[in-house]
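One structure is given here, and the rest of the page talks about it.
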Amino acid sequence: MSEGASSGDGSGTPSRVIRVGTRKSQLARIQTDSVAEQLKELFPHIALEIVAMSTLGDKILDTALSKIGEKSLFTKELENALERNEVDLVVHSLKDLPTTLPAGFTTRGAGARENPHDAVVLHPKHVGKTLETLPENSVIGTSSLRRAAQLKKRFSHLAFKDIRGNLNTRLKKLDEKDDFAAIILAAAGLGRMGWGNRISQILGPEDCMYAVGQGALAVEVRSRDVDILEMVSVLHDPETVLRCIAERAFLRHLEGGCSVPVAVHTELKNSQLYLTGAVYSLDGSDSLKETMQTSVAADDKSQSSDAVDERVQRVGITAAKIPGEAQDGAERLGVDLAKLLLSKGAKEILTVARQLNDAT
Ligand code: DPM
């Protein structure tokens, strides 16, 4: 099927039709279309075809994400399609991509990260309020353990309840019923859907740190598909890649995932990469938070892309054209911060959180 994968025009780009896999949700379609648009602009002569499919995560809409216990909830069916050669690349929210990819797949960062913070969307009757000023016992909808743990501690006058479904469903549940005073969603997803005007508050790190990879997109391809890999590498944003490598290395070393409350905050300033990472008990009463930094100054521009590719299997994201040393530094930063938190008891906090979550 992929026999046509030649570079017939001599430009180094594939001349075949490139099939782009996506989930069927509106958000997934928008994300996929934006990556497809970028590729079209960079490679005007390629033909792209979008193939939409449902994933387990789209089908189980009534169960909290954290309860399903399937790490590749949103990615497995798409990876199967990649494996079977039914699609050639798949666009994901990096946050939904497990930190360990199955053998044979490679991901590449796609574009600059958007606002990584969480946002508050209020029921119309509360417009003008903030989490702080919402009435006592107001119900906040989120099924993210990470969001609930941080916000329960900080806003103890509020109550938290699971809400599931895609973004359209959640906004409908918020607006058309009286069950929730507000819901918490990623600002990036809201922005992509064109609902930025519904954001009444962006939560800074003092209120709620974000999830690993939040706001960034990634493209997953078959590792052996060198020409497609080469093509999508053009989409890289170095700052996004370095921050996300550090965050994902941190999560991976902690053995965290969707089912435990882990949060991060990263910044890149003057070639210094700063990573703050935290773990929480389910009610937020117990927590550990630390910050570390490392230099990611670029000084080995001669890095060969083969050496970079070895890194792919470690945290499931990498980039050609970004110095391998900087990527190594970012990865080490994530691992070192995880080690520091583990030495202070992070494992115990996460184990209790996991057991409690499984039991309720
Ligand atoms: C993951 C979580 C959620 C998604 C858990 C978390 C939110 C689940 C919920 C791992 N994936 O954040 O602590 O609220 O019940 C998801 C969204 C996006 C990617 C939607 C959202 C869009 C933003 C982005 C679901 N995955 O978080 O509001 O690209 O980061």
Side-chain angles (χ1 to χ4, degrees), residues 57 63-74 93-100 116-120 131 139-156 158-164 170 182-189 203-215 244 246-266 275-292 334-335 337-360:
T63 311
L65 271 190
S66 59
K67 296 274 170 63
I68 301 171
E70 164 68 67
K71 275 199 206 140
S72 44
L73 198 59
F74 292 115
S93 288
L94 184 59
K95 153 159 122 156
D96 295 326
L97 206 58
T99 52
T100 308
H117 298 282
D118 290 317
V120 179
L131 288 185
V139 177
I140 312 301
T142 177
S143 41
S144 155
L145 300 178
R146 172 187 62 80
R147 290 170 181 150
Q150 295 181 82
L151 298 173
K152 274 178 188 169
K153 179 75 194 302
R154 188 151 174 96
F155 303 101
S156 53
L158 302 175
F160 291 83
K161 244 182 88 181
D162 274 343
I163 183 168
R164 280 274 351 248
R170 289 185 196 204
I183 56 178
I184 315 291
L185 293 168
L203 298 173
E206 61 293 341
D207 285 332
C208 188
M209 295 205 301
Y210 42 81
V212 165
Q214 187 162 311
C244 291
E247 294 174 15
R248 286 172 65 82
F250 169 71
L251 184 65
R252 177 160 170 182
H253 200 80
L254 277 180
E255 295 176 34
C258 237
S259 58
V260 283
V262 174
V264 293
H265 183 85
T266 46
L275 169 65
T276 301
V279 302
Y280 306 88
S281 61
L282 290 189
D283 65 1
S285 60
D286 207 359
S287 66
L288 285 168
K289 176 159 111 179
E290 295 291 341
T291 302
M292 289 177 84
V335 172
L337 188 70
K339 283 184 175 157
L340 178 63
L341 288 186
L342 288 169
S343 76
K344 296 186 173 224
K347 182 127 203 162
E348 292 67 32
I349 292 179
L350 293 181
T351 302
V352 173
R354 209 175 264 126
Q355 286 167 349
L356 272 177
N357 184 50
D358 288 346
T360 49

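Being a predicted model, the structure only gives us computed values, none of them experimental. Side chains are part of it too, since the values below use all heavy atoms of this structure and drop only hydrogens, waters and symmetry mates.
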Do the side chains of Glu206 and Arg154 get close enough for a salt bridge, i.e. N-O under 4.0 angstrom? no
Would you call Asp283 and Lys152 a salt bridge, taking side-chain N to carboxylate O under 4.0 Å as the test? no
Heavy-atom check, side chain of [X] versus side chain of [Y], under 4.5 Å:
| X | Y | answer |
| --- | --- | --- |
| Leu131 | Asp207 | no |
| Arg146 | Met209 | no |
| Arg170 | Ser143 | yes |
| Leu254 | Val262 | yes |
| Leu97 | Arg248 | yes |
| Thr266 | Thr276 | no |
| Phe250 | Leu275 | yes |
| Val352 | Leu282 | no |

So His253 and Leu342, side-chain contact (heavy atoms from CB on, under 4.5 Å) or not? Walk me through it. CA-CA 9 Å; His253 200 80; Leu342 288 169; 3.9 Å; yes
Below 30° counts as parallel, above 60° as perpendicular, anything between as tilted: where do the rings of Tyr210 and His117 land? perpendicular
Give the intermediate values and the outcome of side-chain contact (heavy atoms from CB on, under 4.5 Å) for residues Leu151 and Leu158. CA-CA 8 Å; Leu151 298 173; Leu158 302 175; over 6 Å; no
Would you compute the distance between atom CZ of Arg147 and atom CZ of Phe160 and round it to the nearest 0.5 angstrom? 11.5 Å
With Ile140, the side chain to side chain contact (heavy atoms under 4.5 Å, CB included) member among Ile184, Val120, Ile163, Ile183: Ile184
Who are the side-chain contact (heavy atoms from CB on, under 4.5 Å) partners of Thr351, not counting sequence neighbours? Lys347, Gln355
For Ala187, enumerate each residue passing the side-chain contact (heavy atoms from CB on, under 4.5 Å) test, keeping only those at least two apart in sequence or located in another chain. Asn115, Ala119, Ile199, Ile202
Okay, side chain of Ser287, backbone of Gly284: is any donor-acceptor separation there less than 3.5 Å? no
Between Ser93 and Asp96, is there a donor-acceptor pair closer than 3.5 Å when you use the side chain of the first and the backbone of the second? no
Test Glu290 against Lys344 for side-chain contact (heavy atoms from CB on, under 4.5 Å), laying out the working first. CA-CA 10 Å; Glu290 295 291 341; Lys344 296 186 173 224; 3.1 Å; yes
